[in-house]
Amino acid sequence: MREIRIRDTMTGELRRLDQDREVGIYACGPTVYSRIHIGNARPYVIFSLLARFLKSEGYRARLAINVTDINDKIYSAASAAGVDSADLAAEMTAAYFEDTGRLGLGRPDAEPLATGMIGPIIELIETLVENGHAYESGGDVYFSVRGFEGYGKLSHRPTDEMEQGEDDAGSLKRDRLDFALWKGQKAGEDTSWDSPWGPGRPGWHIECSAMAEAELGELPFAIHGGGSDLVFPHHENEVAQSEAARGRPLATIWMHNGMIETDASKMSKSEGNIFQLSEALDRFGPEAVVSYLIAGHYRQPIAFGEDQLNEAVARVDRLRNFFRSRAGAEEGGADGPGPGAGSEASEALEAFRDALADDFNTPRAMSVAFDLVRKANQQEVPGAGAAVREMLDLVGLGSVAASGGDGPGSEALELLEQREAARTDRDFDRADEIRDRLADLGWEVRDSADGASLVPRPGR
RNA sequence: GGCGCCUUGGCGGAGUGGCUACGCAGCGGCCUGCAAAGCCGUUUACACCGGUUCGACUCCGGCAGGCGCCUCCA
């Protein structure tokens with residue numbers, strides 16, 4: 001079990017993960033009022049892979065990624081489209097599951113919906129009202145920010161500078177810093193739940209505090225994650241309300257991923273500069289999308305563009321070629337024996353894991369993988385195939401090591417033999433003609449010192 | 001205006017007080033009947049100005065530019 005360190009947004013320091021406790025990870029998922037864009041996919045990929053790595057190291061990791069299916073945005077989007085807001089949320093939730101499922105990373109251990117957590121949310125609000133940290137006002141319930149010492153400690157800002165960004169017109173708040181925990185039903189809102197304060201719905205921030213606690217148990221859990229744009233006010237408010245209710249911190253480590261940018265500005269639905277995940281998957285494939293998302297350190301912003309995705313495709317092709325050229329090799333293939341202790345391949349695998357253990361440095365890890373690929377392409381490195389496959393499995397790219405589909409049929413094999421014969425006769429026109437026919441059948445010819453072989457053509 | 005982050009070779013992108021990141025693209029070469037794949041080589045890389053140091057891309061100060069949050073947002 002490796003010592004794993006993650007940079008914490010609140011302290012700015014690298015913090016070790018507790019090896020003795022369950023490592024609970026909660027990451028904020030999307031608000032489902034439209035199909036998710038590739039920026040939403042970044043935390044999904046990062047935290048899914050982090051949990052996978054932790055489990056492989058022997059940590060008892062549990063990952064929860066929520067779906068925010070109650071939100072102002074959903075009401076307005078549904079209203080604009082002339083559909084029922086619950087229907088829109090359900091439809092977009094299904095689309096979210098489908099789109100993220102196509103990434104091939106499996107599902108988180110828990111995926112709570114806000115609509116399925118109304119009970120715990122109301123209980124949490126009641127606790128805050130009872131202990132004086134929240135107050136009811138005209139059917140709404142607000143959190144009293146100035147009553148919580150330490151507000152601002154996550155985002156590091158002085159409280160007097162802050163705004164909650166809520167509509168303060170005719171406000172029922174006692175203080176402009178306060179934020180809503182419960183919002184009474186308003187005219188035109190077609191979905192509501194009963195509560196001790198009348199019909200209404202929970203505020204965004206309290207949803208996450210309640211869901212995290214419900215899924216991960218006693219506070220604090222190990223890691224709370226999400227996009228860096230959520231630090232304030234969303235996560236700052238979570239910190240305040242959970243700690244005020246429970247007397248304990250919500251999470252030990254706050255881990256935030258950087259934004260995806262187009263034209264040097266953040267990709268967001270409100271900017272209208274979005275690129276949907278499903279479109280990226282259609283055009284570049286899941287491996288390239290994952291490769292793209294792990295090419296930079298998770299905390300850094302990354303640029304989005306066709307060039308970046310095409311580069312990711314090229315990287316994946318290089319890895320795929322590595323395995324194709326080794327298919328069937330006894331010692332070095334993907335299914336070959338694992339690297340022996342102390343071997344070059346074994347040391348590379350350790351270096352790969354070390355990079356991930358050091359604040360989840362995926363680009364450094366990938367450089368180790370590519371380094372081993374190059375060395376094994378130069379000359380046989382025992383166990384390299386299995387080592388690289390294990391590396392790629394860890395970052396969700398294991399499928400590039402798969403042998404991939406059915407082998408060539410008898411017709412293709414017959415043609416390959418005919419081509420060999422033609423080459424022996426140095427009838428190269430005939431050989432090329434046969435190669436074209438094989439291409440039509442979906443097979444690409446690879447000549448090597450050991451004789452020709454067939455590999456599936458890309459996109460087949 | 002407040003808080004924080006960033007600035008690396010043609011491009012993307014790690015990292016370190018002194019030792020080749022890695023990938024993509026270009027060019028040259030090797031291999032090959034031709035390709036593909038692969039291998040090798042390759043264009044003074046660390047925004048700018050000072051300081052600390054035997055030595056800084058790496059630490060400190062400053063300047064410039066960019067970005068994020070401060071409004072829903074992964």
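All chains are named by letter (A, B, ...) in the order of the sequence lines, taking the proteins before the strands, and each is independently numbered beginning at 1.
When rounded to the nearest whole Å, the span between CD of Q308(A) and C1' of C22(B) equals 17 Å. With rounding to whole Å, E306(A) atom CD is found 16 Å from C24(B) atom C1'. If you take CG of D371(A) and P of C24(B), they are 13 Å apart, rounded to a whole angstrom. To the nearest angstrom, C1' of A74(B) lies 5 Å from CE of M259(A).
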Treat a base pair as Watson-Crick or G-U wobble with both distances under 3.5 Å, then lay out RNA chain B in dot-bracket form, 5' to 3', with | for cross-strand pairs. (((((((..(((.....[...))).(((((.......))))).....((((..]....)))).)))))))....
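E261(A) has its side chain out of reach of I302(A): every pair of non-hydrogen atoms, C-beta onward, lies at least 4.5 Å apart. Counting heavy atoms from C-beta on, the side chains of H235(A) and H256(A) come closer than 4.5 Å. Considering only heavy atoms from C-beta on, L105(A) comes within 4.5 Å of V45(A) through its side chain. With contacts defined as side-chain heavy-atom distances shorter than 4.5 Å, the pair L413(A)/L415(A) does not qualify.
Taking the centre of each ring, H224(A) and Y26(A) come in below the 6.0 Å mark. For Y142(A) and F179(A), the ring centers are positioned 6.0 Å apart or more.
Relative orientation of the H234(A) and H205(A) rings is tilted, given thresholds of 30° and 60° on the angle between their planes.
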The contact string for nucleotides 32-38 of chain B, one letter per nucleotide 5' to 3', using protein heavy atoms under 4.0 Å with B, S and - for base, sugar-phosphate only and none, comes out as -BBBBSS
Using a cut-off of 4.0 Å between protein heavy atoms and nucleotide atoms, how would you tag nucleotides 3-9 of chain B 5' to 3' with B, S and -? S--S---
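The main-chain N or O of S155(A) is found under 3.5 Å from a side-chain atom of E236(A) such that the two form a donor-acceptor pair.
Taking the ring axis of F232(A) as reference, the NZ or CZ atom of R157(A) stays within 45° of it and closer than 6.0 Å to the ring centre.
Judged by distance alone with a 3.5 Å cut-off, a donor-acceptor contact links the side chain of E311(A) to the base of G23(B).
At the heavy-atom level, H234(A) lies nowhere under 4.0 Å from the strands shown.
Checked against R201(A) for a side chain to side chain donor-acceptor pair (under 3.5 Å), the options D72(A), T115(A), T191(A) give a single hit: D72(A).
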